[in-house]
Each structure stands twice: as structure tokens, then as C-alpha cells.
Amino acid sequence: MEAHQHSPDSSSEECTVLEAPPGKNACPQHSGKVADHYCSACECALCEDCVGDHVEHPKVPLSQALEQHRSSLQESLGTIQSRLPQISDALSFIKEILQQLTNQRASIEEDIQSSFEDLHKQLDVRKSVLLMELEVTYGLKQKVLQAQVDSLVRGEGDIMASSTQTEEALAGEACVASHQVERELQENLQELAGLGLPCQPEENDQLDLIMETDGLRKSIHNLGTIVTTSAVASQSEAMGAGLEQCIVGHPSSVTIVTRDKSGGACKSGNAILSAEVFTPDGSIVDGEIVDHKNGTYEFVYIVPKEGNFSLALRLYDQHIKGSPFKLTVSGAFEAEVEVSPSTTTATNSAAYATPSTGSSEGAKRRGKSPGQKKKGSKRASSALGTPRRKTQNPIEDDLIFRIGTKGRNKGEFTNLQGVAASSTGRILIADSNNQCVQIFANEGEFKSRFGVRGRSPGQLQRPTGVAVHPSGDIIIADYDNKWVSIFSCEGKFKAKLGSGRLMGPKGVTIDLNGNVIVVDNKACTVFIFQLTGKLITKFGSRGNGDKQFAGPHFAAVNKNNEIIVTDFHNHSVKVFTPEGELVLKFGSNGEGNGQFNAPTGVAVDNNGNIIVADWGNSRIQVFDGSGSFLSYINTSADPLYGPQGLALTSDGHVVVADSGNHCFKVYRYLQ
């Protein structure tokens with residue numbers, strides 16, 4: 001028995017096996033035995049009795065195997081825990097989408113209710129009008145016929161009374177006494193015989209109702225559509241030559257194919273798609289997205305200078321496959337047209353040595369003009385063909401000041417678009433990619449800003465146009481939300497209009513009657529609404545005809561309440577009556593006086609002159625009310641780069657959104 005009495009710190013194997021606490025590393029096969037090895041092949045613990053069954057299997061000490069398993073488990077734990085931030089972000093994002101979906105449902109429900117309430121009101125009004133017309137028409141006809149009846153009744157009564165009196169006289173004895181009475185009766189009978197009575201109907205009994213309800217019933221049956229798509233960004237893709245390379249000043253095209261979560265091609269349109277071509281310092285090109293209504297879309301854009309760019313294609317604010325894409329923009333027709341080096345050098349030197357108005361200075365900034373290689377230009381006076389001016393100090397232009405750099409803080413911008421000026425001395429900027437409107441004094445002092453990103457009423461997703469109503473309300477065109485929002489002058493949301501009608505509102509302005517004019521860039525249509533949201537009229541369609549548009553941008557109103565619209569891809573400016581009849585059209589594609597390379601912002605001065613931002617030529621041109629070219633605003637010292645919205649301030653200066661330079665500029669303007 002003494003042989004089994006060991007000290008507590010004994011380390012003999014026999015004691016370890018016998019004295020091990022029950023359950024700890026216990027062999028699952030042999031009761032009371034402790035496992036001290038591990039079979040890697042069978043993935044099980046082994047005691048000394050088990051080892052014989054695993055002679056040819058690789059074995060390691062159990063402690064080593066347990067440590068390796070613990071290490072592997074720890075690594076797996078770290079791997080899975082590292083996914084938590086990604087899952088958390090995805091959860092937040094999807095919850096946000098779900099909330100936006102819920103908000104959108106509530107908004108659409110409100111729109112449906114209000115639309116049908118409005119239709120009920122319109123039907124009630126029409127019902128009242130028809131009943132009133134019925135009463136008036138009946139009253140007029142009834143009055144004529146009743147007067148005729150009354151006249152005939154009186155005539156009939158007079159004849160019957162005279163006949164009775166005469167018959168009574170004739171029944172009596174003829175005598176001198178009755179002779180006088182008979183003479184009076186004779187005169188009365190003769191008078192009645194000659195009495196003109198209206199015996200022919202002077203009216204008819206026609207009262208019919210033409211109620212063409214079949215067409216209305218069909219329209220009601222098809223009234224309204226809930227629009228959606230199953231497209232997701234992670235599966236959607238882009239293709240086309242415009243993804244890799246394009247030519248300066250020439251349209252490039254990219255096709256986007258939307259797909260659902262399983263990769264299946266979507267067959268319907270109306271997806272919310274955005275596209276931007278930008279340099280490392282920010283967005284410069286908007287372009288136009290065409291919805292083919294079959295799940296595919298085409299993005300057409302023009303880049304005004306050479307270099308390396310990026311193209312971001314987003315579906316529901318998320319990059320599609322491969323986005324952003326890298327673009328290489330090269331000079332126009334480099335392979336096809338030979339240009340004499342001496343000529344090119346002379347042209348470029350002249351462009352640097354002799355500043356001229358408009359976009360020629362912009363050409364200096366960009367290096368080579370888009371037109372030089374295409375045309376083999378030999379004009380030494382200007383790289384863009386603008387009028388030659390006397391040599392001057394470059395800082396002596398019309399610029400008063402500029403405000404802004406790229407960023408998200410106060411006084412900083414990312415892809416600013418629309419501009420408005422109030423009668424109270426304020427400048428309002430639609431800061432598109434920052435989803436807000438910033439407000440400045442005429443002198444450039446920052447005053448305030450407002451806007452929260454989102455797709456619910458009162459939120460901004462892509463504000464592109466801004467205007468100030470005579471009431472002081474601020475009107476904002478929201479391109480991606482497809483509606484126009486109305487805010488108070490303090491930035492508090494009041495209402496929205498155009499939801500369900502607008503496809504891509506770009507510019508907005510106010511006419512002389514206080515109506516809201518919306519330029520729908522995507523639908524190529526101009527809408528006119530009352531401030532209450534009631535549609536007054538609309539005009540325009542996609543095309544290159546006189547009453548058609550190709551990506552219209554902004555609008556202004558002259559003293560005749562005529563609507564002036566910039567037709568971006570048709571390179572022209574068009575003037576319409578409030579009813580949509582064309583009054584005037586001017587401009588063509590080019591770089592000369594009065595020509596445009598995609599006009600954008602527009603304003604009208606007190607004399608009726610029309611001021612136009614020429615986006616592709618990076619200049620501002622001035623025309624008289626009949627469309628004749630007058631002059632440029634001198635922007636040579638600090639050239640514009642893709643100007644967008646434009647307005648006249650209350651103190652008579654021109655303010656323009658210099659989108660490519662992420663700032664707005666104020667210029668002197670002599671009216």
C-alpha cells in the first residue's frame with residue numbers, strides 16, 4: 001500500500017492518470033482514463049489505452065492540439081467579429097432605405113388622396129357648371145315659350161268673350177237700341193280678326209346631354225401608376241466606348257443595364273440613376289441620362305478639356321459595378337487632321353498674349369481649344385474665335401469677387417448648380433452634391449444654409465434649381481426627388497409640387513403672375529404650376545424642333561411674361577408665350593459670337609437684354625431682346641469652368657455658378 005502514497009507534487013505519469021479530477025480531459029472511450037494525445041486523422045482525444053488503435057495515425061500531444069484549436073477558434077472569432085462593422089453599416093443603410101421606402105409610401109399615399117380629392121372637387125365643380133348651364137338654357141327657352149303661351153291664352157280669352165257677347169246680341173231682337181252695341185261688337189270682332197297671335201312655336205323642346213364617359217372611364221381606369229423597379233446597384237453594369245475614352249467637345253455615350261438581385265435584366269425603366277464626370281478636385285459635367293423604358297439607360301456627356309477623368313454611375317445613390325470608371329479624354333480628330341506645328345504654336349501664343357473676352361481666356365486655362373485640332377485653326381486672335389480686344393492687364397476684367405472652394409462647410413460647394421437673387425439683397429445657391437441651399441448677402445457675406453439629404457418631403461436629394469417667390473418663399477427644383485420643394489425664407493419646409501408629373505426638374509423660375517415655371521430636363525418639357533401645386537399648362541417634348549427640347553436647363557421670364565429657356569443639347573435659346581407658343585429662337589452650335597456649346601443659366605435685365613451662360617465655351621454672352629448678340633462679360637482674369645445657373649442681383653450685378661471651380665462669381669454689368 002505504501003507504494004501508492006505519493007507526494008502531492010508528484011509528476012509521474014501513473015499518478016497523473018490515476019489522480020486527475022473526474023471529467024477533465026476524460027477519455028470518452030475508457031472510463032477513468034485521462035486523454036493526453038490527439039489523433040489528427042480522427043480528430044479525437046486519446047488515452048494510453050486508445051493509442052494502440054491509432055498506431056498509424058498522426059498524433060500530437062493533447063495540450064498542443066487544444067492550443068491549436070483554441071488559436072484557430074480565436075482566429076475565426078476575429079474574422080467573424082471583423083464583419084460586424086460592415087454588417088452594422090449595411091444594417092443602418094438598409095434601415096435607412098426601408099425608412100425612406102416607408103416615407104415614400106406615406107408621401108405617395110398623401111399624393112393619391114390629394115389627387116383624388118382634387119378630382120372629386122373638379123367633378124363637383126363640373127357637375128355644378130352643367131346643372132347651372134341646364135337651368136340657364138332651360139330658363140331662356142322656357143321664358144320664350146311661356147310668353148307665347150300667355151299671349152295665345154289672352155287672345156283665346158278675348159275671342160271667346162267677344163264671341164259670347166256677339167252671340168247674345170244676335171239672339172235678341174234687332175232694334176235701334178241694340179244697333180249701337182252691335183256696331184261696337186263689330187269693331188271689336190274686326191280688331192280681333194286682325195290680331196297677330198304667335199301661333200307658330202318660337203322655341204323648340206330640345207335639351208340634350210352629351211356625356212362622353214367612356215373615354216373618361218378608361219382614363220380613370222388607367223389613372224395613376226405605382227412606379228418601381230427591382231434594380232440593384234451591385235448587379236447593374238455599364239458598357240460602351242464612352243467608358244474608356246472620349247474626344248474633347250464631342251458627345252460620348254455609355255449604356256447602363258440594370259439588373260435585379262439575382263442578376264436578371266430588368267425590363268422596365270424609371271430607376272433613379274445619376275451620373276457625373278469629374279476630376280480629382282470635383283464634379284464638372286452633368287450630361288443627360290436617357291431612359292429607354294426597358295431597363296437600359298444611356299448617359300450622353302461632353303467633356304470640354306483633355307485629361308484623365310472619372311465617371312461615377314450611381315443607382316439609388318450606390319455605385320454600380322466597376323464605378324467609378326477611369327476616362328481618358330483626348331483632343332478632337334487628332335488622327336484625322338494634321339495641324340501645322342507653327343500654326344498651332346502661333347495660335348496658342350496669340351491666345352496667351354492677346355486676352356479676349358468670353359471663353360478664349362478659358363481656353364488659356366485649359367491649354368488647347370477644342371476647336372483647334374478639329375478645324376486646323378489659323379486664327380491668331382483667339383483660341384475660341386471670340387472678338388479680339390486690346391491687350392490689357394489680365395486682372396482688369398469685370399469680376400468683383402468670388403466665393404467658395406470645394407468642400408461641405410459653410411461657403412464651400414460641391415457641384416453648385418442653380419442661382420437666384422432676391423429683391424432683399426440675397427444670393428441663393430443650389431449646392432447640388434451637398435444637398436443644401438446656401439444664402440449670401442450681395443456683398444458675399446455668408447448668411448445661412450438649409451437642407452437635409454433624403455427622399456422624403458422636406459428633404460433634398462439633388463437640388464439643381466432655385467428661385468425666390470414674391471411672397472419670400474424659396475422654390476427648389478430637386479432633380480433626383482422628381483419634385484419641387486417650397487420652403488419659407490427661414491428654410492422651413494412648406495409643401496412640394498409636381499410629384500408624379502416631373503421626371504427630372506433642373507431649373508425653376510417665377511413668372512409675373514407668381515406661377516412656378518419648372519424646366520424638366522429629363523422629360524424635355526416646361527411645366528407651369530400655381531403655388532398651390534395645380535398644373536396650369538405644360539409644353540415641349542424631346543427633339544430638335546422649334547417647340548422641342550434636348551436636355552433643357554434653366555429659364556427666365558421677361559417683362560412680357562414670356563418664358564426664355566436654354567436648350568442645352570440643341571445649343572440654342574428659345575422664347576415662348578405662357579401658353580407655349582414659340583416667339584423667338586436664337587443660337588447655334590459653335591464658338592463664335594452668338595453661338596453656344598450647350599447653354600445653361602439665363603437671366604433678363606431691366607432693358608429686356610438676355611444674359612446666357614455658355615457652358616461648353618465657359619463664357620457669358622449678352623443678347624438683346626430679339627436674340628442679336630451684343631457683348632460678353634469679361635471673365636478673363638479668373639476664367640469660368642463649366643458655368644451653370646446665372647442671375648441678376650438686386651444691385652445690378654451678374655452672379656454665376658462656376659461649377660467646375662466650385663465657387664460663385666459676381667461680375668459688374670452695365671445695363
Side-chain angles (χ1 to χ4, degrees), residues 418-423 465-470 475 477 484 497-498 502 505-521 523-531 534-588 594 596 599-614 620-631 645-650 652 654 656 669 671:
V419 176
S422 74
S423 59
V466 61
V468 180
H469 194 271
I475 318 297
V484 172
L497 58 85
L502 302 174
K506 171 80 174 182
V508 63
T509 190
I510 310 298
D511 71 8
L512 301 184
N513 299 318
N515 297 319
V516 179
I517 298 171
V518 184
V519 180
D520 193 325
N521 173 270
C524 294
T525 302
V526 174
F527 291 82
I528 305 178
F529 295 93
Q530 292 180 353
L531 198 60
K534 180 181 179 182
L535 178 65
I536 298 174
T537 190
K538 65 178 181 177
F539 59 87
S541 60
R542 183 181 301 277
N544 55 13
D546 287 346
K547 295 175 67 174
Q548 293 181 310
F549 303 105
H553 268 49
F554 294 98
V557 174
N558 63 20
K559 60 186 177 181
N560 299 324
N561 207 33
E562 294 168 337
I563 303 167
I564 305 166
V565 183
T566 53
D567 196 353
F568 190 83
H569 291 292
N570 283 332
H571 310 288
S572 61
V573 174
K574 296 174 181 177
V575 183
F576 297 88
T577 66
E579 294 75 33
E581 296 301 319
L582 183 71
V583 176
L584 173 67
K585 171 185 173 183
F586 61 90
S588 60
F596 300 112
T600 48
V602 61
V604 182
D605 69 16
N606 292 331
N607 298 319
N609 296 321
I610 302 170
I611 309 161
V612 183
D614 189 357
I620 302 173
Q621 301 191 68
V622 184
F623 302 81
D624 66 18
S626 63
S628 297
F629 173 80
L630 295 178
S631 64
L646 180 147
L648 273 171
T649 63
S650 58
V654 169
V656 61
Y669 178 70
Q671 299 192 37

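Taking CG from Asn515 and CG from Leu535, the interatomic distance works out to 10.5 Å, rounded to the nearest 0.5 Å. The CD1 atom of Ile510 sits 5.0 Å away from atom NE2 of His469, with the distance rounded to the nearest 0.5 Å. To the nearest 0.5 Å, atoms NZ (Lys559) and CG (Asn607) are separated by 7.0 Å. One finds the CD1 atom of Ile563 at 6.5 Å from the CG atom of Asp511 (value rounded to the nearest 0.5 Å). Interatomic distance, CG of Asp520 versus NZ of Lys506, reported as 12.0 Å (0.5 Å rounding). One distance of note links CZ of Phe596 with CG of Asp567; it measures 11.0 Å at 0.5 Å rounding.
Scanning both residues, Ala467 and Val508, for their nearest heavy atoms gives CB-O, 3.6 Å. Ala556 and Ala603 make their closest contact through CB-CA, 4.0 Å (heavy atoms, listed as atom of the first residue, atom of the second, distance). In terms of heavy atoms, Gly587 sits closest to Ser572 at O-CB, 4.0 Å. Nearest heavy atoms, Leu497 versus Gln530: CD2-O, 4.0 Å. The minimum heavy-atom distance between Ala421 and Leu648, with the atom names listed, is CB-O, 3.2 Å. For Ser650 against Ser422, the heavy-atom pair with the smallest separation is CB-O, 3.5 Å.
Relative to the six-membered ring of Phe549, Lys574 meets both conditions, a distance below 6.0 Å and an angle of at most 45° to the axis.
Under the 3.5 Å distance criterion, with hydrogens and angles disregarded, a donor-acceptor pair is assigned to the side chains of Ser626 and Asp624.
Taking 4.5 Å as the limit, every side-chain heavy atom of Val484 sits out of range of all side-chain heavy atoms of Phe527. In this structure, Val526 and Phe576 have side chains that are not in contact, with every pair of non-hydrogen atoms separated by 4.5 Å or more. Residues Ile611 and Val602 fail the side-chain proximity criterion, which asks for heavy atoms closer than 4.5 Å. For the pair Phe529/Ile475, no side-chain contact is recorded, criterion being any heavy-atom separation below 4.5 Å from C-beta on. Side-chain atoms of Phe586 and Ile610, non-hydrogen and from C-beta on, do get closer than 4.5 Å to each other.
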Run Phe629 and Gln621 through side chain to side chain contact (heavy atoms under 4.5 Å, CB included) and show every step you take. CA-CA 8 Å; Phe629 173 80; Gln621 301 191 68; 3.4 Å; yes
Val516 vs Ile528, test: side chain to side chain contact (heavy atoms under 4.5 Å, CB included). Steps then yes/no. CA-CA 6 Å; Val516 179; Ile528 305 178; over 6 Å; no
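Annotation: Lys538, atom NZ; neighbour count of heavy atoms from other residues, nucleotides and ligands within 6.0 Å does not exceed 12.
A donor-acceptor pair is defined here as one N or O able to donate and one able to accept, closer than 3.5 Å; no such pair exists between the side chain of Ser541 and the backbone of Gln548.
Relative orientation of the His553 and Phe568 rings is parallel, given thresholds of 30° and 60° on the angle between their planes.
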